[in-house]
There are 2 protein chains.
Amino acid sequence: MKTADPELMRAINRFHVMDAIRRFGPISRVEISDRTQLSATTVSAITAALLDDGLIITQQLGGIRDAARGRPRVMLELNPAAAHVVGVKLALDQITVATTNFRADVLSSLVLPIRLQRQSVSVIADLVEDGIRRCVADAGLAMEQISGVCVGLPGVVERMAGVCRASPIFGERDVPFAAEMTDRLGGVVATIDSDVNLVTLAEHWFGQARGLDDFLVISVELGLGLGIMHNGELFRGANGLSPDLGDLMVRPPAGNGSTRLASAASEASLVAEAREILAGEEHEHAFRLGRGLEKILELAEKGEPRILALLERAGGALGFAIANLITLFAPPKVIMAGAALEAGDALVGPIRRTVAELLPPSLADVSDIVVHHWQDDIWARGAAAMTLRDLYGAPWNTTGPVVHR
Amino acid sequence: MKTADPELMRAINRFHVMDAIRRFGPISRVEISDRTQLSATTVSAITAALLDDGLIITQQLGGIRDAARGRPRVMLELNPAAAHVVGVKLALDQITVATTNFRADVLSSLVLPIRLQRQSVSVIADLVEDGIRRCVADAGLAMEQISGVCVGLPGVVERMAGVCRASPIFGERDVPFAAEMTDRLGGVVATIDSDVNLVTLAEHWFGQARGLDDFLVISVELGLGLGIMHNGELFRGANGLSPDLGDLMVRPPAGNGSTRLASAASEASLVAEAREILAGEEHEHAFRLGRGLEKILELAEKGEPRILALLERAGGALGFAIANLITLFAPPKVIMAGAALEAGDALVGPIRRTVAELLPPSLADVSDIVVHHWQDDIWARGAAAMTLRDLYGAPWNTTGPVVHR
DNA sequence: TCGTTTAATAAACAATGCGGATTAAATCTG
DNA sequence: CAGATTTAATCCGCATTGTTTATTAAACGA
């Protein structure tokens, strides 16, 4: 915590006002005053400044005058045109880009189905740059109108430094991808973050965890992602790195070697193991085409016992890790997502059973585990939210390296 | 975060000044100004108020006038007599009590070697009350001079509510022990907390983690304790409970059933397993006398292979859990303590090896694992620190239910 | 003794939040 | 339809705070 001066005081209260408008807008000044415990005078002063800066606007159409007497309330809301940002999600098999306004509404988006593996950093950066420029043009905007870009990618990302420590996307380690992109975009600042953190923020702002200050997000994609919201803040390890779920161990080194969760329950490991199990059978074709997961889901649907056993094992491993995470964080909600979870109860069932079995009695009922089917744009909306947060971010713990204005 | 007003501003800055004096005192006003980034005027005003309230004093003896010209600095330090608090540690086999002054110096302490198991809550409260009154008297103080009492105990404790959710000490669950003690002490407010949290705070204030904002504390006693310092704050789960290390799982439910860490590596489980291993041999006597751990350490020293194997297994389980914790929190330091660790490398060696083996390469060198041999009074000093912290606690996240003044 | 140097405080100033009075804009009432 | 009533928003004066710029305090050196 920084030392306090009048400026910080104003920054804190301005944040609270902005937050109330974002979460509950359109909202009147009196209601902001109620919700934030700030005096009406202060709210008036702050909203006046925000209106002046163009960050918020008054809603012209009176809204619901529900038979109330007295002077009508003037409703305030975020000015969608106050800023525009671009969110990018890198996955092993595609790039997703979206342009959003200040309310994180998606104005335009595009998906580039490109295998990024084995591409050099600069080639990837080229692709991302092209995607951003096209997406911005699609939204009818010029690059000069973009206030920031955030790129989400799987792996270990150090947001502050703008460096990707390790990712399946890059062959190298310690790739300074934020600087790489900022250079190319000519004046527009780019930041990077772990992809799960983006979706965690998106869940917090618009998704199943609206207003929930503590929850976990677990994404089962090619790799495994873990996002932690704790006390309303994204949780990062001491070094600023977000923890990597795939690095968690699920089996002690008892003779036959230890197991990382990534090699027990990720989409990649599931496909690899299924391929081995089904080797030489008629299904092999699907795996060659890269349609391994679809095949797994199909066979699970049909009740193929070896696939069900595989999913049972994977679910057990995931459930083991989730139970330990619940033991540590005691979150009221755990949100899971990923294509592999579409296998109905074949994977989710074992997860739930294992968690229920392993949780200590005292924590038996604290966590609600839900599966969320993410739309393709949630990542980008999260990236947008991450950038927007910097524009009116909580002043008490500096969130990032962004140097807008 | 609360909304900001001038009062909060002052509270924040007063905290920073107090914190600087506590950590670096005796310290001059200019140096406080340097360290806190506050203006000299502000520091002057705040220290004047603190002097007025008697919380700090000026050091009379000039100190080291190291050949400097100019007006000499007036050194400020905490006023030891500003407040007195009592810290209590409950363990299964003894009660430790200590009275400290405002600097958390121990003025008097006593140890009551009593088996608390199977005692009723009110009997335990009686014992604690007697211990507190005697210890306060030993320090030459009256109960009226005591500003607060903090009781640390193993298990799951909800500090805010003052309720012990579960503990090996109490047969019952949800024991409102803080209220129980406050009632008995006639006006002196008692709080409770997990015992590891107390020692974690003590390590932060006086121990091996002075000034370190991120570290883990792992205590191997009869039960297993986990304390987490994250960003300079004690980490608590979403429900305000501290996580219980013993509840972490170390083996997935693969056929032969799952294993909780508590049943693999706690002192209790070590002794039980060793007793089984050595059943019918000449060592059995020691276990009957409750000297099981000493016997284990003795045999480990001698190189008894079955005991070494047992410790190897326990170390593997602990290392497994620690590796996962490091993966999540990436703390630069992990402090371990407990009588079982006195077995030289027999237990610590396997722990280190397992951690090294299981950590992902990217985290290989971030954490320094050390063993700390705690004095008996560190718990009490931590309890004192916990109470003192409330007297000049960080105002931005309310720390507890204490209502002093 | 007087100048120099450094520490600590005092005075003037600007920013902030708050409470009470005031204005604004609608409905209600007769 | 005009004035009373009600509620929202703002204006004004005040207290508190931190900072900058002077001023005083307390030592040493020549």
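Quick note on labels: first sequence line is chain A, next is B, and so on, each numbered from 1. All of these numbers come straight from a predicted model, not from anything done at the bench.
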Enquirer: A:Val43 near the nucleic acid: base, sugar-phosphate alone, or nothing, with a heavy-atom cut-off under 4.0 Å?
Expert: nothing
Enquirer: Which nucleotide in the list C:dA8, C:dG19, D:dT17 gets nearest to the side chain of A:Thr41?
Expert: C:dG19
Enquirer: Is the NZ or CZ atom of A:Arg210 both under 6.0 Å from the centre of the six-membered ring of A:Trp205 and within 45° of that ring's axis?
Expert: no
Enquirer: Checking contacts here: which listed nucleotide (C:dA26, C:dA7, D:dT5) is nearest the side-chain heavy atoms of A:Arg69?
Expert: D:dT5
Enquirer: Looking only at side-chain atoms of B:Thr42, point me to the closest of D:dA9, D:dT19, C:dC18.
Expert: D:dT19
Enquirer: Where each residue is assigned the nucleotide of DNA chain D containing its nearest heavy atom, which of A:Val74 and B:Pro6 is assigned the position nearer the 5′ end?
Expert: A:Val74
Enquirer: Check the distance between D:dT7's C1' and A:Asp34's CG and give it to me in whole angstrom.
Expert: 13 Å
Enquirer: Within less than 4.0 Å of OP1 or OP2 of D:dT17, is there a side-chain N or O belonging to B:Asn13?
Expert: no
Enquirer: In whole angstrom, what separates B:Met75's CE from D:dA26's C1'?
Expert: 16 Å
Enquirer: Determine the contact category for A:Ala4: base if any of its heavy atoms lies under 4.0 Å from a base atom, sugar-phosphate if only primed atoms, P, OP1 or OP2 are that close, otherwise nothing.
Expert: sugar-phosphate
Enquirer: To the nearest Å, give me how far apart CZ (B:Arg73) and P (C:dT6) are.
Expert: 10 Å
Enquirer: Whole angstrom is fine here: how far is it from CZ in B:Arg71 over to C1' in C:dA7?
Expert: 5 Å
Enquirer: Please state whether the phosphate of C:dA15, meaning OP1 or OP2, lies under 4.0 angstrom from any side-chain nitrogen or oxygen of A:Arg10.
Expert: no
Enquirer: Of the candidate nucleotides D:dT19, C:dG17, C:dA8, which contains the atom at the shortest distance from the side chain of B:Ser28?
Expert: C:dA8
Enquirer: When rounded to the nearest 0.5 angstrom, what distance separates CD in B:Glu158 from CG in B:Leu241?
Expert: 5.0 Å
Enquirer: Can you tell me how far C1' of D:dG18 sits from CD of B:Gln37, to the nearest Å?
Expert: 14 Å
Enquirer: In terms of side-chain geometry, is the basic nitrogen of A:Arg236 or A:Asp193 positioned less than 4.0 Å from the acidic oxygen of its partner?
Expert: yes
Enquirer: Rounded to the nearest Å, what distance is computed from the NZ atom of residue B:Lys2 to the C1' atom of nucleotide C:dG17?
Expert: 15 Å
Enquirer: Please confirm whether A:Phe235 and B:His230 have ring centers closer than 6.0 angstrom.
Expert: yes
Enquirer: May I have the distance from B:His16 (atom NE2) to D:dT17 (atom P), rounded to whole angstrom?
Expert: 17 Å
Enquirer: Heavy atoms from C-beta onward define the side chain here; which of D:dG18, C:dA26, C:dA8 lies closest to that of B:Arg29?
Expert: C:dA8
Enquirer: Heavy-atom count check: over 12 atoms from other residues, nucleotides or ligands less than 6.0 Å from A:Glu7 CD?
Expert: no
Enquirer: Over how many whole Å does the gap from A:Leu38 atom CG to C:dG19 atom P extend?
Expert: 11 Å
Enquirer: Kindly point out which of C:dG17, C:dT6, D:dA27 is positioned nearest to the side chain of B:Pro72?
Expert: D:dA27
